[in-house]
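Hydrogens, waters and symmetry mates are skipped; everything else that's a heavy atom, side chains included, is used. It should be emphasised that the depicted structure is a prediction, and the values quoted were computed from it without experimental measurement. Lettering follows sequence order; numbering is per chain, from 1.
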2 protein chains.
Amino acid sequence: MNSAKRQREPASDKVGTICRALRRAIIEQALEPGTKLPEDALGERFGVSRTIARQALGQLAAEGLVELRRNRIAVVETPSWQEARNTFDVRMELERLVVRQLAGQLSKAQLAELQAHVDQEDAARNGPDAVSIRLATEFHILLAQMTNSPILIRYVSEVAYRCCLTLSTFSRPHSSDCGITEHRAIIDALAKGRTEDVMTMMHHHLDSVANRALVAPTKPRTRDLVDILAPYADDGEAAPHKPKRSAAA
Amino acid sequence: MNSAKRQREPASDKVGTICRALRRAIIEQALEPGTKLPEDALGERFGVSRTIARQALGQLAAEGLVELRRNRIAVVETPSWQEARNTFDVRMELERLVVRQLAGQLSKAQLAELQAHVDQEDAARNGPDAVSIRLATEFHILLAQMTNSPILIRYVSEVAYRCCLTLSTFSRPHSSDCGITEHRAIIDALAKGRTEDVMTMMHHHLDSVANRALVAPTKPRTRDLVDILAPYADDGEAAPHKPKRSAAA
DNA sequence: GCCTTTTAAAGTGCATACATAATAGGCCGG
DNA sequence: CCGGCCTATTATGTATGCACTTTAAAAGGC
């Protein structure tokens, strides 16, 4: 018997459960950027104490999905346009590495799994945007997982999730068609082992996704008026958000 | 009267303090891979409760520096050869991106800062290996920081630290000379804005570091007899020490 | 004497308690 | 009617306690 251990861990992995639930809720935009995540509420909802909820929030903060400020309620991260741009840049390099490692290396079964996933995407094309976006994201994560490189898997997952957040923040209506055909083209190129081609394709694919998402540095789809006011404040005055109590003077 | 000052910041970031301390101890090889890190001991050493120590360990685990198994004492991660290889692969792509973004963009002050850092490396050349390794690592992190891309900074820092871990595990005696000259060459190319050149140089630099570190997939420099026995155990028997009562041969 | 079984020590998993900082709403003066 | 201080509420930061698991050691049998 091989020394490889099975990785099952249902051993009451409460923190992991909460993280997965929140991640999914975030990428499906059930939790929009800026949504508050009080420890008590999370704990109660998942039937655990604040201790566990807090650990989950810490984890998600480390992944860049949650913003954690001292003595303040945790909120879903609201990536700035520049951060989104940076994330996409990193993502491109990482995913180029993924397909470079994968080109010509995939088994029949793996290729079939990828095809099946894109079929799912196809089926969900007329469903809600949230599901389409999630499936599209999971396609990229699935690719990463096939590299068997834990660090690549982790990083690609993280940037992919963060890009979803970006979509929540900046995107215009999602059109998934082109994305799906590009996914199919990538699978095909991977199967044929055309390394250079598939790297280029992945690059263009992510570039188009980024361009669709990051049409302009503006467009903070209003949810918090501070967001709207930020640029104006920057322009006109030195102290944008002024503290109310400067009374002592 | 309670308001008064707006304390800028470091409001008792206990977790961060412990993380930094442990990170540094790890990259200076004061804590070798496999070293146990009991929560109690950490808490006592840093004057905090287990709760805080535990959070720090969770954070470091998320960064891949610490291995956290359920109901077991946390230990400094022992990267496998394959994981180390994967880490270096990712690192190369990320750092190529760093220098691509930086080429021709650095201010005089930034270039001076880089030069100063390499001077430090030079000064430490005859000192202990641990310091040389730390400084060499911090050079790469310093570069990443100049991109102003939080995610790039975080990822480069993480992979750089993990590569240090790898050195702890696999390396032969450290020779820092070539590394330093390469660092200087990279600064020069960055200043001159030779984007392609500097990307190639960074690639070769990291490649040589990797090759020096990962000479062969074997050579677990003994620190724990379990490590020595592992390959033999795999070959001959399923369980090296204490086979529980799993009769399954 | 060596291997197995028993048992105590040590450590983690988790919840809860308490102190402190932030926030929202009420009260009062203008 | 509005704006600012004050307080009650809320939420976080941290420590501690208890139950359960693992680990190490001691005891006992072959």
Side-chain angles (χ1 to χ4, degrees), chain A residues 5 8-19 22 34-62 66-76 224-226 241-249, chain B residues 1-19 22 34-62 66-77 224-226 237 239-247:
Chain A
K5 300 282 175 75
R8 73 128 184 247
E9 46 174 292
S12 69
D13 180 13
K14 297 165 185 280
V15 173
T17 303
I18 299 181
C19 281
L22 289 183
T35 307
K36 293 184 188 174
L37 303 170
E39 298 173 359
D40 302 340
L42 287 180
E44 186 176 359
R45 177 63 189 80
F46 289 96
V48 298
S49 79
R50 269 205 318 129
T51 308
I52 305 302
R54 185 183 181 77
Q55 282 183 32
L57 287 173
Q59 168 97 32
L60 293 173
V66 160
E67 188 179 354
L68 220 46
R69 287 170 325 191
R70 186 175 180 83
N71 282 322
R72 281 187 181 71
I73 304 178
V75 297
V76 177
D224 187 300
L225 74 167
V226 174
H241 23 56
K242 147 177 184 278
K244 319 199 163 181
R245 28 168 72 188
S246 54
Chain B
M1 315 332 178
N2 43 17
S3 69
K5 279 303 172 56
R6 209 163 268 278
Q7 281 287 26
R8 175 59 70 186
E9 196 0 48
S12 71
D13 178 14
K14 297 167 186 279
V15 174
T17 303
I18 299 181
C19 282
L22 289 184
T35 307
K36 292 182 189 174
L37 303 169
E39 298 173 359
D40 302 337
L42 287 180
E44 185 177 1
R45 176 64 188 79
F46 288 96
V48 297
S49 78
R50 273 204 316 130
T51 307
I52 306 302
R54 187 183 181 78
Q55 283 183 33
L57 287 173
Q59 167 96 32
L60 293 173
V66 160
E67 188 178 352
L68 218 47
R69 288 171 322 191
R70 187 177 180 82
N71 283 322
R72 284 188 182 69
I73 305 179
V75 297
V76 176
E77 183 100 18
D224 186 302
L225 75 167
V226 174
E237 205 171 71
H241 55 78
K242 204 67 177 285
K244 307 174 182 181
R245 55 204 60 189
S246 72

Quickly work out the [X] [atom1] to [N] [atom2] distance and round it to whole Å.
X       : N      : atom1 : atom2 : answer
A:Lys14 : C:dT12 : NZ    : C1'   : 15 Å
B:Arg54 : D:dA15 : CZ    : P     : 14 Å
B:Leu68 : C:dC14 : CG    : C1'   : 15 Å
A:Arg50 : C:dA17 : CZ    : P     : 12 Å
A:Leu37 : D:dT10 : CG    : C1'   : 16 Å

So which of residues 39-48 of chain B are in contact with DNA chain D, with a heavy-atom cut-off of under 4.0 Å?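 Under 4.0 Å from DNA chain D: B:Val48.
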Validation row: [X], [Y] side chains within 4.5 angstrom (heavy atoms):
X       : Y       : answer
A:Leu22 : A:Leu60 : yes
B:Arg54 : A:Gln55 : yes
A:Val15 : A:Cys19 : yes

Using a cut-off of under 3.5 Å, enumerate the N/O to N/O pairs linking the protein to nucleotides 20-22 of chain C.
{"residue": "C:dA21", "atom": "O3'", "partner": "A:Asn71", "partner atom": "ND2", "Å": "3.4"}

Can you tell me which nucleotide in D:dT12, C:dT12, C:dA24 comes closest to the side chain of A:Lys36?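 Among the listed nucleotides, the one closest to the side chain of A:Lys36 is C:dA24.
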Nearest of D:dT16, C:dT12, C:dT16 to any side-chain atom of B:Pro38?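 Of the options given, the side chain of B:Pro38 lies nearest C:dT12.
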Residues which pass side-chain contact (heavy atoms from CB on, under 4.5 Å) with B:Ser49, listed by chain and number, not counting sequence neighbours: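 So B:Ser49 forms a side-chain contact (heavy atoms from CB on, under 4.5 Å) with B:Thr51, B:Ile52.
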Who passes side-chain contact (heavy atoms from CB on, under 4.5 Å) against B:Ala74, sequence neighbours left out?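 Result, side-chain contact (heavy atoms from CB on, under 4.5 Å) vs B:Ala74: B:Leu37, B:Leu57, B:Val66, B:Leu68.
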Return the 5'-most residue of the pair A:Ile73, B:Gln55 with respect to DNA chain D, ranking by each residue's nearest nucleotide.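 Comparing both residues, the 5'-ward one is A:Ile73.
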Using salt bridge (charged side-chain N to carboxylate O under 4.0 Å, His left out) as the criterion, list what pairs up with A:Arg50, not counting sequence neighbours.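 Partners of A:Arg50 under the salt bridge (charged side-chain N to carboxylate O under 4.0 Å, His left out) test: A:Glu39, A:Asp40.
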Just verifying a value: how many Å separate A:Ile18 CD1 and A:Gln59 CD, rounded to the nearest 0.5 Å?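 Separation between the atoms: 11.5 Å.
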What are the two closest non-hydrogen atoms of A:Ile73 and A:Lys36, and how far apart are they?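 Closest approach of A:Ile73 to A:Lys36, heavy atoms only: CG2-CB, 4.0 Å.
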Heavy-atom closest contact (A:Ala53 atom, A:Leu42 atom, distance):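 Here A:Ala53 and A:Leu42 meet closest at CB-CB, 3.9 Å.
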5′-ward residue of the pair A:Val15/A:Arg69 relative to DNA chain C: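 This one resolves to A:Val15.
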